K.L.:
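Next up is a structure, given as structure tokens.
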Amino acid sequence: MQAKGPIGVFDSGYGGLTVLHDLARALPEHDFVYLGDNARAPYGTRSFETVYEYTLQSVEWLFRSQHCPLIILACNTASANALRSIQQNDLPRLGAGNRVLGVIRPSAEVIGRYSERGAVGILGTNGTVQSGSYALEIEKFFPHLKVYQQACPLWVPLIEHGELEGEGTRWFVKKYLDELRQQSPAIDAILLACTHYPLLIKQIEAALPAGIRVVSQGPLVADSLKDYLYRHAELDARVSRNGRRVFYTTDDPETFSRQGSSFFGATLHALHTELNY
Ligand code: DGL
């Protein structure tokens, strides 16, 4: 019998903690280990090749050093640029029966239900928007849904610097929302397709007219994972269950613990790691 291990949750930095918050709530007994590659974040402005290389190194570390049977790429940029290549090219050599899943498909599967007028907006990093992954995935589930995308490159640095309130942030929130809505007045549902953006949800909602729904991914990914483990009992049986949450960062653990708590919604104590194993 294979040894049991935690579910790995990977993000370029802090953002995936907003997803882990919901995953841990949905699966309270399952163990989770989080890896934030803060030393090399942000990923959103990097090339496809670089995001793939960094994500692959992180995935290998989670498999080899943490013995995760399953990894969630809780980062849209990594899901958009690295997931498919890792699943197709790397997973066979990284461990038979191990799995890597992303956040795009669970969101694409349900986003059409939030729109009555058949038009949704996707807000993400440059890397996510340029990959075109959302439009491709959504088309499989909602072929008639119109998908409009908008990159919001200044939101991640504002959030990481704790600039959630104030005139400057309100201005940049409005700027990107206006640019999205100028693409189509029919948009009535907007997906926050970057794991950082839920921290700005109040400001985003305040800048929109009534009748436009703003959707965070965490609960969608959590529902989807719960369902996936139910359907894959052999994988679920390989996840250890002691209710443990362990946090690693490739940068300074004290800074991560301090900053990360506002993303995770609870205090946390991170450890440092290099990505060698
Ligand atoms: N967490 C990343 C995402 O969901 C954004 C942060 C970054 O650019 O590294 O796309």
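FYI, side chains are in, hydrogens and waters are out, and symmetry mates aren't considered; it's all heavy atoms of this structure. All ligand and atom numbering here is 1-based and tracks the order in the structure. Keep in mind that what you see is a predicted model, and the values were worked out from it rather than measured.
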K.L.:
Would you mind running through ligand 1 and noting each atom that sits below 4.0 Å from a heavy atom of Tyr43?
P.N.:
7 (C), 8 (O), 9 (O)
K.L.:
Should you measure from each heavy atom of Asp11, which atoms of ligand 1 turn up under 4.0 Å away?
P.N.:
1 (N)
K.L.:
Check each heavy atom of Val103 against ligand 1 and say whether those closer than 4.0 Å belong to the side chain, the backbone, both or neither.
P.N.:
neither
K.L.:
Taking a cutoff of less than 4.0 Å between a non-hydrogen atom of the residue and any ligand atom, is Gly13 in contact with ligand 1?
P.N.:
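Gly13 does not count as a contact of ligand 1 under the 4.0 Å cut-off.
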K.L.:
Could you tell me whether Arg40 sits above the aromatic face of Tyr54, with NZ or CZ closer than 6.0 angstrom to the six-membered ring centre and within 45 degrees of the axis?
P.N.:
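Judged by the rule (NZ or CZ under 6.0 Å from the ring centre, within 45° of its axis), Arg40 counts as positioned above Tyr54.
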K.L.:
Taking both backbone and side-chain atoms of Thr45, is any N or O found less than 3.5 Å from an N or O belonging to ligand 1?
P.N.:
no
K.L.:
Report yes or no: do Asn76 and Thr128 form a side-chain donor-acceptor pair below 3.5 Å?
P.N.:
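Thr128 and Asn76 do not have a side-chain donor-acceptor pair below 3.5 Å.
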K.L.:
Would you tabulate the side-chain donor-acceptor contacts of residues 140-153 under 3.5 Å, counting partners in other chains and residues two or more places apart, or write 'none'?
P.N.:
{"residue": "Lys140", "atom": "NZ", "partner": "Glu137", "partner atom": "OE2", "Å": "2.7"}
{"residue": "Gln149", "atom": "NE2", "partner": "Val129", "partner atom": "O", "Å": "3.4"}
{"residue": "Gln150", "atom": "NE2", "partner": "Glu179", "partner atom": "OE1", "Å": "3.1"}

K.L.:
Establish, from distance only, whether the side-chain atoms of Arg84 and Asn89 form a donor-acceptor pair under 3.5 Å.
P.N.:
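No.
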K.L.:
Please answer whether the main-chain N or O of Ser133 pairs with a side-chain N or O of Ser131 as donor and acceptor at a distance below 3.5 Å.
P.N.:
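A pair under 3.5 Å: yes.
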K.L.:
Just which atoms of ligand 1 are under 4.0 Å from any heavy atom in Gly44?
P.N.:
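The atoms of ligand 1 under 4.0 Å from a heavy atom of Gly44 are 7 (C), 8 (O), 9 (O).
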K.L.:
Quick one: look up the protein heavy atom nearest atom 10 (O) of ligand 1 and list residue, atom name and how far away it is.
P.N.:
Thr77 OG1, 2.6 Å
K.L.:
Polar contacts were defined as any N/O atom of the residue lying under 3.5 Å from an N/O atom of the ligand; does this apply to Val156 and ligand 1?
P.N.:
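Between Val156 and ligand 1 (N or O atoms, distance only) the closest approach is not under 3.5 Å.
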K.L.:
Please check if any side-chain donor atom of Asp37 sits under 3.5 Å from a side-chain acceptor atom of Thr250, or the reverse.
P.N.:
yes
K.L.:
Under 4.0 Å from ligand 1, counting heavy atoms only, is it the side chain of Ser12, its backbone, both or neither?
P.N.:
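For Ser12, the contact with ligand 1 is made by the side chain alone.
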K.L.:
Please state which protein non-hydrogen atom is closest to atom 3 (C) of ligand 1 and give its distance, to 0.1 Å?
P.N.:
Asn76 N, 3.4 Å
K.L.:
Please determine, by modelled atom types, if His30 and Asp236 share a side-chain donor-acceptor pair under 3.5 angstrom.
P.N.:
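Yes, because at least one side-chain N or O of His30 sits under 3.5 Å from a partner of the opposite role on Asp236.
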K.L.:
Going by the order shown, which atoms of ligand 1 are within less than 4.0 Å of some heavy atom of Thr125?
P.N.:
5 (C), 8 (O), 10 (O)
K.L.:
Would you say the side-chain atoms of Asn81 pair up with the backbone N or O of Thr77, donor to acceptor, closer than 3.5 Å?
P.N.:
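Side chain of Asn81 to backbone of Thr77: a pair is present.
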K.L.:
Taking only Lys NZ, Arg NE, NH1 and NH2, and the carboxylate oxygens of Asp or Glu, determine whether Asp90 and Arg93 approach each other closer than 4.0 Å.
P.N.:
yes
K.L.:
Report the nearest protein non-hydrogen atom to atom 1 (N) of ligand 1: residue, atom name, distance rounded to 0.1 Å.
P.N.:
Thr195 OG1, 2.8 Å
K.L.:
Tell me which protein heavy atom sits closest to atom 2 (C) of ligand 1, plus the residue, atom name and distance to 0.1 Å.
P.N.:
Cys75 SG, 3.5 Å
K.L.:
Please report which non-hydrogen protein atom sits nearest to atom 5 (C) of ligand 1, along with the residue it belongs to and the distance in Å to one decimal place.
P.N.:
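Answer, as residue, atom name and distance: Cys194 SG, 3.4 Å.
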